[in-house]
Asker: 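My questions will all concern the structure given below.
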Amino acid sequence: MRILVLGGTVFLGRHTVELALERGHDVTMFNRGQSNPGLFPGAEEVHGDRERDLGRLAGKSWDAVIDTSGYVPRVVGASARALVESVPHYTFISSISAYASMPTPGLTEDAPLGKLSEPGSEDIGKDYGPLKVLCEREVQAAYRAGALIIRPGLIVGPHDPTDRFTYWPVRVAEGGEVLAPGDPARQVQVIDARDLAGWNLDLVERGVTGVFNATGPDAPLTMGAMLDGCRAATESDATFSWAAEDFLLERKVTPWSELPIWLPQSNEGTRGMLAVDVSRALAAGLTFRPIEDTARDTLAWHTTRGESHEWRAGMRRDRERELLSEWRGR
């Protein structure tokens, strides 16, 4: 197949291009050429800004387009309208943040979607989820029966720029007493970018359309099991001290970023965020590698980044030591 990837050099897009080339597809990447230029010599690169340079794709045709870099409806809509005559199948990578609220486990693709609090906003930081909803609608309006909408949960694995999962295998590999948040039995969901990319390509190759939640694994995964998987992958002597949520919140520990993959159960709007229904994706062939493999490969990749890496998520070790001491002496 001839596949156009909008993006393709950072994280999910990078894995998508790599796997597509391995499968023998003819890949074109359209991006600004600012991140990892020349990363894939086997792919055609067209450099340009989606807001003003879509004309550089004129006169070309592909069997499918995979949009891994769409966040603003105006820009995504322009891309979809520009490509609809030359590409019959459009994958848009959305997010489970598209849902209006996630108060309970088991949210399906038919749950209510979020709305902008301020009409016309293009503030991705504040309105990430509602903007993804409007991006979806732009693609669906242009493509109708040719649109594939994927709503991933937390995407993890090698080349993840957010550090949200990476923090855990790195910290666990250091060993010793590790501060862990809340109830070890609470469910969490993550998806390895390579599993998501491979499944997306499977759907594209089969011409599948529709809307899919995409996170995992297929059997419920607890926070405790995830950290145990990190320990098994790193063969460390780490032990886990599970601090109560009230204790952490009282000390202004920031959920999701300072202690990644932790969402307090006291927050009604996100109780189900790490337990959405993915049965539709499973029926469409989504599969998952063991969490140990993801942790091991993520740690191996992390070691290539060097000591100068500036963490975007995770807790400082001195703060962790202070909290552990206070937790033990409470």
Side-chain angles (χ1 to χ4, degrees), residues 9-23 36 39-40 152-181 184-202 214-242 256-262 274 278 281-282 285-315 317 320:
T9 59
V10 179
F11 184 29
L12 177 61
R14 177 179 183 146
H15 289 296
T16 299
V17 172
E18 183 175 18
L19 288 171
L21 290 172
E22 287 179 2
R23 294 185 184 191
N36 303 311
L39 181 64
F40 295 110
L154 181 61
I155 308 173
V156 304
H159 304 292
D160 177 8
T162 73
D163 289 326
R164 288 178 185 144
F165 175 79
T166 308
Y167 169 78
W168 290 114
V170 171
R171 174 62 191 91
V172 171
E174 294 175 6
E177 186 181 13
V178 177
L179 180 66
R186 65 182 174 83
Q187 184 176 352
V188 297
Q189 288 180 315
V190 297
I191 184 167
D192 192 300
R194 297 165 293 180
D195 295 334
L196 179 58
W199 177 66
N200 186 184
L201 287 169
D202 291 342
T215 187
D218 44 358
L221 175 69
T222 66
M223 186 71 178
M226 188 191 81
L227 294 189
D228 286 342
C230 291
R231 181 168 53 194
T234 60
E235 299 181 351
S236 83
D237 64 355
T239 60
F240 305 114
S241 291
W242 294 90
W256 199 246
S257 58
E258 196 174 12
L259 280 179
I261 320 184
W262 168 47
L274 295 173
V278 293
L282 296 178
L286 179 58
T287 59
F288 310 91
R289 70 194 65 208
I291 195 68
E292 291 87 348
D293 291 356
T294 297
R296 186 180 301 108
D297 294 346
T298 301
L299 181 62
W301 161 73
H302 167 74
T303 61
T304 69
R305 296 198 287 182
E307 295 182 1
S308 63
H309 170 68
E310 295 185 9
W311 286 86
R312 299 181 62 182
M315 181 171 285
R317 299 302 183 265
E320 182 192 33

Asker: Could you pull out all residues at least two apart from Asp160 that satisfy salt bridge (Lys or Arg N to Asp or Glu O under 4.0 Å)?
Answerer: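 Asp160: no salt bridge (Lys or Arg N to Asp or Glu O under 4.0 Å) contacts found.
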Asker: Keeping His15 on the side-chain end and Pro158 on the backbone end, is there a donor-acceptor pair under 3.5 Å?
Answerer: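 Yes; judged by distance alone, with no hydrogens or angles, the pair exists.
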Asker: Tell me, with the steps shown, if Met223 and Leu274 meet side-chain contact (heavy atoms from CB on, under 4.5 Å).
Answerer: CA-CA 10 Å; Met223 186 71 178; Leu274 295 173; over 6 Å; no
Asker: Once rounded to the nearest 0.5 Å, what's the spacing between atom CG of Leu154 and atom CH2 of Trp256?
Answerer: 4.5 Å
Asker: I need the minimum non-hydrogen distance between Arg14 and Phe40, along with the two atoms involved.
Answerer: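 The answer is O-CZ, 3.4 Å.
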Asker: Considering all heavy atoms of both residues, which atom of Asp293 and which atom of Arg194 are nearest to each other, and what is their separation?
Answerer: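 For Asp293 and Arg194, the tightest heavy-atom pair comes out as O-NH2, 4.3 Å.
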Asker: Name all residues meeting the ring-ring contact (aromatic ring centres under 6.0 Å, His included) criterion together with Trp242; count only those two or more places apart in sequence or in a different chain, and write none if there are none.
Answerer: none
Asker: Give the intermediate values and the outcome of side-chain contact (heavy atoms from CB on, under 4.5 Å) for residues Trp168 and Val178.
Answerer: CA-CA 9 Å; Trp168 290 114; Val178 177; 4.0 Å; yes
Asker: Using side-chain hydrogen bond (donor to acceptor under 3.5 Å, both in side chains) as the criterion, list what pairs up with Arg186, not counting sequence neighbours.
Answerer: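 Result, side-chain hydrogen bond (donor to acceptor under 3.5 Å, both in side chains) vs Arg186: none returned.
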Asker: Could you check if a side-chain atom of Val170 sits within less than 4.5 angstrom of a side-chain atom of Leu299, using non-hydrogen atoms only?
Answerer: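 A side-chain contact exists here, since the closest heavy-atom pair is under 4.5 Å.
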Asker: With sequence neighbours left out, what residues match Glu292 under salt bridge (Lys or Arg N to Asp or Glu O under 4.0 Å)?
Answerer: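 Checked Glu292 against salt bridge (Lys or Arg N to Asp or Glu O under 4.0 Å); zero matches.
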Asker: Under the side-chain contact (heavy atoms from CB on, under 4.5 Å) criterion, do Asp202 and Arg23 qualify, and how do the steps go?
Answerer: CA-CA 10 Å; Asp202 291 342; Arg23 294 185 184 191; 2.8 Å; yes
Asker: Start with the C-alpha gap between Val17 and Leu39, add the side-chain angles, then the distance that decides, and say whether side-chain contact (heavy atoms from CB on, under 4.5 Å) holds.
Answerer: CA-CA 10 Å; Val17 172; Leu39 181 64; over 6 Å; no
Asker: Which class fits the ring pair Tyr167 and Trp311: parallel under 30°, tilted 30 to 60°, perpendicular over 60°?
Answerer: perpendicular
Asker: Could I get the full list of salt bridge (Lys or Arg N to Asp or Glu O under 4.0 Å) partners for Arg317, not counting sequence neighbours?
Answerer: Glu174
Asker: Just jot down the side-chain hydrogen bond (donor to acceptor under 3.5 Å, both in side chains) partners of Arg289, sequence neighbours excluded, or say none.
Answerer: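 Arg289 satisfies side-chain hydrogen bond (donor to acceptor under 3.5 Å, both in side chains) with Asp195 only.
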Asker: Taking the side chain as every heavy atom from C-beta outward, state whether Phe165 and Ile291 have any atom pair closer than 4.5 Å.
Answerer: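 The answer is yes; the side chains approach within 4.5 Å.
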Asker: Looking only at heavy atoms, which two atoms of Gly153 and Thr215 are closest? And how far apart?
Answerer: N-CB, 3.7 Å
Asker: Indicate the atoms forming the closest heavy-atom contact of Pro169 with Ala295, along with that distance.
Answerer: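 Nearest heavy atoms, Pro169 then Ala295: CB-O, 3.8 Å.
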Asker: Can you tell me how far apart CH2 (Trp199) and OG1 (Thr287) are? Round to the nearest 0.5 Å.
Answerer: 10.5 Å
Asker: Can you name the side-chain contact (heavy atoms from CB on, under 4.5 Å) partners of Glu177, sequence neighbours left out?
Answerer: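 Listed in chain order: Thr239, Ser241, Leu324, Arg328.
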Asker: List for me each residue that meets side-chain hydrogen bond (donor to acceptor under 3.5 Å, both in side chains) alongside Glu258, sequence neighbours excluded, and say none if there are none.
Answerer: Arg319
Asker: Give, for atom CZ of Arg305 and atom NE2 of His159, the distance between the pair rounded to the nearest 0.5 Å.
Answerer: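 Between atom CZ of Arg305 and atom NE2 of His159 there are 10.5 Å.
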Asker: Taking only residues two or more places apart in sequence or in another chain, which ones pass side-chain contact (heavy atoms from CB on, under 4.5 Å) with Ser257?
Answerer: Thr254
Asker: So, applying side-chain contact (heavy atoms from CB on, under 4.5 Å) with Phe288, which one of Leu282, Leu196, Val190 is it?
Answerer: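 In the set Leu282, Leu196, Val190, the residue that makes a side-chain contact (heavy atoms from CB on, under 4.5 Å) with Phe288 is Leu282.
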Asker: Working to the nearest 0.5 angstrom, can you tell me the gap between His302 NE2 and His309 NE2?
Answerer: 6.5 Å
Asker: For the atom pair CZ (Arg171) and CG (Leu179), what is the distance rounded to the nearest 0.5 Å?
Answerer: 9.0 Å
Asker: List the residues meeting side-chain contact (heavy atoms from CB on, under 4.5 Å) with Leu19, not counting sequence neighbours, and say none if there are none.
Answerer: Glu22, Ala197, Leu201
Asker: First locate atom CD1 of Ile155, then atom CG of Leu12, and finally report the distance between them rounded to the nearest 0.5 Å.
Answerer: 5.0 Å
Asker: Quick one: list whatever passes side-chain contact (heavy atoms from CB on, under 4.5 Å) with Arg312, sequence neighbours left out.
Answerer: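 If we apply the side-chain contact (heavy atoms from CB on, under 4.5 Å) test to Arg312, skipping adjacent residues, the hits are Pro161, Asp163.
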Asker: Which residue pairs pass the side chain to side chain donor-acceptor pair (under 3.5 Å) test with at least one member in residues 217-229, sequence neighbours excluded?
Answerer: Asp228-Arg231
Asker: Of all the heavy-atom pairs spanning Ala180 and Leu227, show the shortest one and how long it is.
Answerer: CB-CD1, 3.9 Å
Asker: Can you find a heavy atom in the side chain of Thr166 that is under 4.5 Å from one in the side chain of Trp301?
Answerer: yes
Asker: Do side-chain atoms of Ser236 reach the backbone of Val172 as a donor and acceptor pair under 3.5 angstrom?
Answerer: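 Pair found, side chain donor or acceptor close to backbone of Val172.
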